[in-house]
Amino acid sequence: MEINQLTAAEARVWRAFARGETVDFRESPDEDPADAGDWGAERTLRAGVLRALLLDGPRQDGEVPSLSVAGARITGRLDLQHATTEHPVRLRHCHFDEAPRCYAARLRELNLSESLLPGLVAHAVHVDGILRMTRTRFTGTVRLGGARIAGSLYMESAQVSAPGTEVPVLQLNQASVGADLSAPGLRTQGQIRLNGATVAGSLNLSDARLGNPGAAALDAQTFTVGGDMLLRHAEVHGWLGLRGARITGRLDLSYALLSNPGGSALQASSTAVGELWLRKAPPMEGTLNLRRAQLDVLFLEPDSLPQEVLIGDLTYTSLVPHEPAERRLPMLERQRDGYVPHAYEQLTAAYRRVGDDHAARLVQLAKQRRHRTTLPWYGRLWGLVQDVAVGYGFRPMRAAGWLLSLLAIGSVAFALHHPQPLKAGEAPPFHPLFYTLDLLLPVISFGQEDAFAPRGGYQALAYVLVLTGWILATTVIAGVTRTVSRQ
């Protein structure tokens, strides 16, 4: 393209390109690219001119060429499909009439910060440096599936919406980011897709507002993050999907609102996470799905729990902060799948690791009570007897209390009304305490039970003491056996 075919604005950019200088068409720093309809030819650039510059622009000895423009209206489509350019591309505060096309292109650097675009087509793009879209507004889909970005991807306070589309509005599936993906304050209306993507550094979505009610707001199946994934103070309307994800550092949902009533709010089954933080946040509106997840640290405040959880085969090493068992048990009671023994064992192990044996016993007692509800009527009856008698072996002093109470009742009753001896001449002296012990303890004999026979109501009392003694003996044995087997 000859320079005499250029407009004044284009000629200005053409000359600046060779020297790597920035051309700023803005009249004030706070201009809004949405007002580009009022911009005239003095700040309008044809996309074809920019393409020609990037592919075969002028050079100047001792200078590094770059396309650096601010505050321009770009007409036509900037088509760099399959192109390779060694020059940085910085088109900031610009208005694009059509979505740029960078499919399978290779770029040194791309900066579209604070610009307004009707979308971006950049599947399989290779960026040797950074891709920056800080405060950029997109009114159509952003297609970066399979992109390879050697540096960081910046989308701080960017906005992406594509009314009427059924495809994900921000597509980063199978993308690879060599450093960080920084997008605090991101605003999206529609799905973000990160399936199979890899971020070598950290992903920052703090203060983000992600909206796709009733569907996936962020779908990141088999997503890999080398550092932390931060969603502090974020609002997610729709489900947050992390099934099969691998997050080496921290998945931080502190102060975050996750809302997907009637479905999963957080779907993190089969994930492997260093630390999962659910703290200082309102209760999730929807189900928390952590089936088969593997966590080193679960930082979970009970007040952040939703009404329904799925935690079958969830494993964690540490559970913080340290809370009484009564505060942790509702998490297990809200399990949608009903009674899941593994969940109780995990909580028990977490308490034992920090030396809180009392809380561990309470969890095991709750486990037995929950298990009792799954049994047939006779199993429930026998379980109730064990619970009342010895707390399933986790409250052994209760049996001693029962024994002493019954011993006192029997001793007083038989002291006031001595039973008749079976053989008057051969019976030993009657002792109400030993006689009651003979009735209560089936394996011990003081020679009283076989020598005396109460009558009427006292005979009924004797039968009750004998039956109660057998029940106490069997429940104590069952409880002790159960307790020893868990040590």
| query | Can you tell me if NE2 on His322 sees more than 12 non-hydrogen neighbours from other groups inside 6.0 Å? | reply | yes
| task | For Gln346 and Tyr316, indicate whether the former's side chain and the latter's backbone hold a donor-acceptor pair under 3.5 Å. | result | yes
| field | Heavy-atom closest pair, residues Leu288 and Pro306 | value | CB-CG, 3.7 Å
| Over 12 foreign heavy atoms within 6.0 Å of CD, Glu323 | yes
| request: Identify which one of Leu91, Val89, Asp24, Thr22 satisfies the side chain to side chain contact (heavy atoms under 4.5 Å, CB included) criterion when paired with Val69. | output: Leu91
| query | Do any N or O atoms from the side chain of Glu301 and from the backbone of Lys280 form a donor-acceptor pair under 3.5 angstrom? | reply | yes
| query | Going by distance alone, is a donor N or O of one side chain under 3.5 Å from an acceptor N or O of the other, for Ser113 and Asn111? | reply | yes
| request: Examine Arg279 relative to Phe299 and say whether NZ or CZ is less than 6.0 Å from the centre of the six-membered ring and inside a 45° cone about the ring axis. | output: yes
| field | Check: Ser304 side chain, Ala281 main-chain N or O, donor-acceptor pair, under 3.5 Å | value | yes
| query | Do the side chains of Thr44 and Thr7 get nearer than 4.5 Å, heavy atoms only? | reply | no
| task | Evaluate the criterion side-chain hydrogen bond (donor to acceptor under 3.5 Å, both in side chains) for residue pair Asn204 and Ser206; output intermediate values, then yes/no. | result | CA-CA 6 Å; Asn204 188 350; Ser206 297; 3.0 Å; yes
| note | Closest non-hydrogen contact found for Phe223 with Leu194 is CD1-O, 3.8 Å
| Heavy-atom donor-acceptor pair, Ser264 side chain to Asn289 backbone, under 3.5 Å | no
| Geometric cation-pi criterion Arg73 and Phe25, 6.0 Å radius, 45° cone | no
| request: Mark yes or no for whether Ser115, through its side chain, and Cys94, through its backbone, hold a donor-acceptor pair below 3.5 Å. | output: yes
| said: If I take atom CG from residue Leu314 and atom CG from residue Leu276, how far apart are they, to the nearest 0.5 angstrom? | reply: 9.0 Å
| task | List the steps, then state whether side-chain hydrogen bond (donor to acceptor under 3.5 Å, both in side chains) holds for Ser270 with Arg292. | result | CA-CA 5 Å; Ser270 302; Arg292 301 176 301 279; 3.1 Å; yes
| Just by modelled atom types, is the Leu230 backbone N or O under 3.5 Å from a matching donor or acceptor in the Asp228 side chain? | no
| query | Do the side chains of Ile192 and Leu186 get nearer than 4.5 Å, heavy atoms only? | reply | yes
| Min side-chain heavy-atom separation Leu80-Pro100 under 4.5 Å | no
| request: Could you pull out the closest heavy-atom pair between Leu53 and Phe17, with the gap in Å? | output: O-CZ, 3.4 Å
| request: Assess the side chains of Arg243 and Gln221: does a donor N or O sit below 3.5 Å from an acceptor N or O? | output: yes
| query | Any side-chain heavy-atom pair from Trp239 and Thr287 closer than 4.5 angstrom? | reply | no
| Has Tyr103 got more than 12 heavy atoms of other residues, nucleotides or ligands less than 6.0 Å from its OH? | no
| request: Might you work through the side chain to side chain contact (heavy atoms under 4.5 Å, CB included) test for Glu345 and Gln364, ending with a clear yes or no? | output: CA-CA 8 Å; Glu345 295 301 326; Gln364 284 298 307; 3.3 Å; yes
| side-chain hydrogen bond (donor to acceptor under 3.5 Å, both in side chains) between His358 and Asp356: does it pass, once the steps are laid out? | CA-CA 6 Å; His358 173 69; Asp356 193 341; over 6 Å; no
| Identified side chain to side chain contact (heavy atoms under 4.5 Å, CB included) counterpart of Leu240 within the set Asp219, Leu205, Asn260, Leu253 | Leu253
| field | Arg132 to Tyr154 six-membered ring, cation-pi geometry met (6.0 Å, 45°) | value | yes
| said: To the closest 0.5 Å, what do you measure between CG (Leu120) and CG (Leu131)? | reply: 7.5 Å
| said: Can you tell me how far apart CE (Met331) and CG (Leu305) are? Round to the nearest 0.5 Å. | reply: 6.5 Å
| task | Would you check, one step at a time, whether the test salt bridge (charged side-chain N to carboxylate O under 4.0 Å, His left out) holds for Arg46 with Asp97? | result | CA-CA 10 Å; Arg46 288 172 293 170; Asp97 286 355; over 6 Å; no
| message | Using every non-hydrogen atom in the two residues, find where Leu332 and Ala343 come nearest and quote the distance to one decimal. | response | CD2-CB, 3.8 Å
| For Val23 against Val13, the heavy-atom pair lying closest together | CG2-CA, 4.0 Å
| request: State yes or no: are the ring centers of His371 and Tyr344 separated by less than 6.0 Å? | output: no
| query | Side chains of Glu326 and Leu362: closer than 4.5 Å at any heavy-atom pair? | reply | yes
| request: Supply the atom-to-atom distance Arg336 CZ to Ile311 CD1, rounded to the nearest 0.5 angstrom. | output: 12.5 Å
| request: For atom CZ of Arg106, decide whether the heavy atoms of other residues, nucleotides or ligands shown that lie under 6.0 angstrom number more than 12. | output: no
| message | Using salt bridge (charged side-chain N to carboxylate O under 4.0 Å, His left out), reason through Glu114 and Arg135 one step at a time and then give a plain yes or no. | response | CA-CA 5 Å; Glu114 300 179 280; Arg135 293 181 293 279; 3.2 Å; yes
| request: Find the distance between NE2 (His342) and CD (Gln335) and round it off to the nearest 0.5 Å. | output: 11.5 Å
| Qualifying residue for side chain to side chain contact (heavy atoms under 4.5 Å, CB included) with His123, from Gln81, Arg101, Arg143 | Arg143
| Worked check of side chain to side chain contact (heavy atoms under 4.5 Å, CB included) between Arg291 and Asp313 | CA-CA 6 Å; Arg291 283 173 171 160; Asp313 294 322; over 6 Å; no
| Nearest non-hydrogen partners of Gly151 and Val177, listed with the distance | O-CG1, 3.5 Å
| request: Compare all side-chain heavy atoms of Pro302 with those of Arg328 and state whether any distance is below 4.5 angstrom. | output: yes
| query | Roughly how far, to the nearest 0.5 Å, is CZ of Arg246 from OG1 of Thr198? | reply | 12.0 Å
| field | Min side-chain heavy-atom separation Arg370-Val340 under 4.5 Å | value | no
| request: Using a strict cut-off of less than 4.0 Å between a Lys/Arg side-chain nitrogen and an Asp/Glu carboxylate oxygen, indicate whether Asp38 and Arg43 qualify as a salt bridge. | output: no
| request: Apply the test salt bridge (charged side-chain N to carboxylate O under 4.0 Å, His left out) to residues Asp79 and Arg77: give CA-CA distance (whole Å), side-chain angles for both, the deciding distance (0.1 Å), then the verdict. | output: CA-CA 6 Å; Asp79 192 344; Arg77 184 187 298 276; 5.7 Å; no
| field | Glu63 and Arg19: CA distance, side-chain angles, deciding distance, salt bridge (charged side-chain N to carboxylate O under 4.0 Å, His left out) verdict | value | CA-CA 5 Å; Glu63 302 291 346; Arg19 298 189 297 272; over 6 Å; no
| Can you find a heavy atom in the side chain of His95 that is under 4.5 Å from one in the side chain of Asp35? | no
| query | Can a donor-acceptor pair be found between the side chains of Asp128 and His126 at a distance below 3.5 Å? | reply | no
